[in-house]
**Q** 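Quick one: structure below, then a few questions.
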Amino acid sequence: MRHSTHARRLASASIVVVLMVLTGCATYHPRPLSAPANATQFSHRSLDNADLRAFMQAQLGHAMSPWPPKAWTLDQLTVAALHYHPKLALARAQWASARAKAITAGAYPNPTLNLNPVQYATNAAAGLSPWTVGLAVDMPILTAGKRSHRVAEALDQAEAARLNVVQTAWQIRANVRQPWIKLYAARRRVQLLDTQVQDAAALLAALEQRFKAGQTSQYQVVQARLQRSNAQLSRADARAAENQARASLAGALGVPLDALRGLHYDFNALRKLPAFQKIPRARFKTYALTRRPDIRAALMRYTASEQAVRLEIARQYPNLNIGPGYTWDQGAHKWSIGLSLDLPVFNQNQGPIAEARAQRQQRAARFRVLQARITTDFNRALAAYQASAHKLQLAQHLLKSSQSRLGSARASYRAGETNRLDLLRIQLETQTDRLALLKARVQAEKALGALADTVEYPLARGTPTARAIQNVAPPQNSSHARSSKASAS
């Protein structure tokens, strides 16, 4: 009776140990996803709520007053997009997944508790217990630094995922800037074409009167009518382009189109194009080839592939399994210890090692392809900006000459030295030059944006955009990463 009680206590103790381990497990919490609820939530997004204001104040580093802004700048719209755009949320989720994999990589393998079958001897000797109860623990021991290589690889992949968040933020900024420039161009074009339509209509009316008086030909009247019609059609196209740019801007911000209703914009930044000679081309090219987020992410992925090669080489060496055990055998206490390992007889992990080396070579090739593409894009964008800047200077010179002729024509008209038809024709020519200047300015802005996209850093100093983008995924404590690798080894 005493011996059976001892066996039951041993089994009960084993059950208690198992229950204590299980109580530390995580529990499941459902988070359902509903398409109608998500669509409703999106439709309620706005650019004047308190959450957006708090986010922008934290990112820009100053109070947002008044709120909402009377006129939105490109920097403010970019930060709003960082708050709302779903692509950034996806990149952050991928970063969180990579960090979780780093936790998994650093976990020690759990020991295994084996409860041997309880035996009862019917022919036990007199005075001995008929019961036999045994426990064994299988404790795996990783060898050759496998865990340290595994952790290092996971940390490098997590850093690459963090840099991908920053890369996504720069892409969001580029996607906001493009429709913002198009919106400026369309609005300014509508204003210029309004004046052109008025001047073309006035010229047509004057020619029609002269035609009735027999002082001009019908051909001139027809040409004036075509000129007015073309101006009206161009204005209609500009208004359509304005609506399309507004819709594109809403999509780039991650908000519904109604959120932009009645919004005012500050386009003053478009008047400050840097001179081509003042752009530090060598410094920007070096930055693009060495410090761009995707360049650094590619380097981290290559470093991770280096760790993968080390891990597969380390896996040539088998892990040890130590199995201490205890058996209560019919009243006798028996302690045991076992040692087991896989014998690398039929293969020495050659296949995984070859795959890891090929993966490393592939990532090195991808990095070189990325650098080559950045070099090509940078040179092309630089040449395009140089050409557009030269064209902008030419358009400014032509407009200045037109304005000078217009001033002389107005003075002559007031002095009675020229007629109204000549004055209207010169006014139309000046408006055409203004439209050409607008087109040249927009082309220069797009070329400057393309150049900034190849560098992925603001070309103008003092912009808060760079700090806001870096804050979307702050780097983790480097000392913490080093301590994690040290503890792994």
**Q** Any side chain to side chain donor-acceptor pair (under 3.5 Å) involving residues 380-395? Give me the pairs, sequence neighbours left out, ordered by first then second residue.
**A** Asp377-Arg380, Lys391-Gln443

**Q** Quick one: ring pair (Phe, Tyr, Trp, His ring centres under 6.0 Å) partners of Tyr287, sequence neighbours excluded?
**A** Tyr457

**Q** Please identify each residue that fulfils side chain to side chain donor-acceptor pair (under 3.5 Å) with Asp433, with sequence neighbours left out.
**A**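 Scan of Asp433 (side chain to side chain donor-acceptor pair (under 3.5 Å), adjacent residues dropped) gives Ser402.
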
**Q** For a side-chain contact (heavy atoms from CB on, under 4.5 Å) check, start with the C-alpha distance between Ser305 and Arg301, then their side-chain angles and the critical distance, and finish with the verdict.
**A** CA-CA 6 Å; Ser305 67; Arg301 293 189 186 97; over 6 Å; no

**Q** Sequence neighbours excluded, which residues qualify as salt bridge (Lys or Arg N to Asp or Glu O under 4.0 Å) partners of Arg225?
**A**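 In terms of salt bridge (Lys or Arg N to Asp or Glu O under 4.0 Å), with neighbours along the sequence ignored, Arg225 is linked to Glu208.
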
**Q** With sequence neighbours left out, what residues match Arg291 under salt bridge (Lys or Arg N to Asp or Glu O under 4.0 Å)?
**A** none

**Q** Not counting sequence neighbours, which residues clear salt bridge (Lys or Arg N to Asp or Glu O under 4.0 Å) with Asp199? List them please.
**A** none

**Q** Under the side chain to side chain donor-acceptor pair (under 3.5 Å) rule, collect the residues that match up with Gln431, sequence neighbours excluded.
**A**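 Here the qualifying residues are Arg434.
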
**Q** Partners of Phe378 by ring pair (Phe, Tyr, Trp, His ring centres under 6.0 Å), sequence neighbours excluded?
**A** none

**Q** Does Met64 form a side-chain contact (heavy atoms from CB on, under 4.5 Å) with Leu52? I'd like the steps, not just the answer.
**A** CA-CA 10 Å; Met64 295 296 298; Leu52 176 60; over 6 Å; no

**Q** Among residues two or more places apart or on two chains, list those pairs meeting salt bridge (Lys or Arg N to Asp or Glu O under 4.0 Å) that have a residue in residues 180-194.
**A**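 Every pair satisfying salt bridge (Lys or Arg N to Asp or Glu O under 4.0 Å) with a residue in residues 180-194: Arg187-Glu242, Asp194-Arg235, Asp194-Arg239.
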
**Q** Can you run down the side chain to side chain donor-acceptor pair (under 3.5 Å) pairs that involve residues 82-106, sequence neighbours left out, and say none if there aren't any?
**A** Asn49-Tyr84

**Q** Applying the side chain to side chain contact (heavy atoms under 4.5 Å, CB included) criterion to Thr168, which one of Val165, Val166, Ile172 satisfies it?
**A** Ile172

**Q** Measure from the side-chain N and O atoms of Asn164 to the backbone N and O of Ala160, and report whether any donor-acceptor pair falls under 3.5 Å.
**A**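 Flag not set: sc Asn164 to bb Ala160 has no pair under 3.5 Å.
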
**Q** Just grab all the side chain to side chain donor-acceptor pair (under 3.5 Å) pairs involving residues 247-261, residues at least two apart or on different chains.
**A** Asp258-Arg261

**Q** Checking Glu153 now: which residues fulfil salt bridge (Lys or Arg N to Asp or Glu O under 4.0 Å) with it, not counting sequence neighbours?
**A**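 For Glu153 there are no salt bridge (Lys or Arg N to Asp or Glu O under 4.0 Å) partners, ignoring immediate neighbours.
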
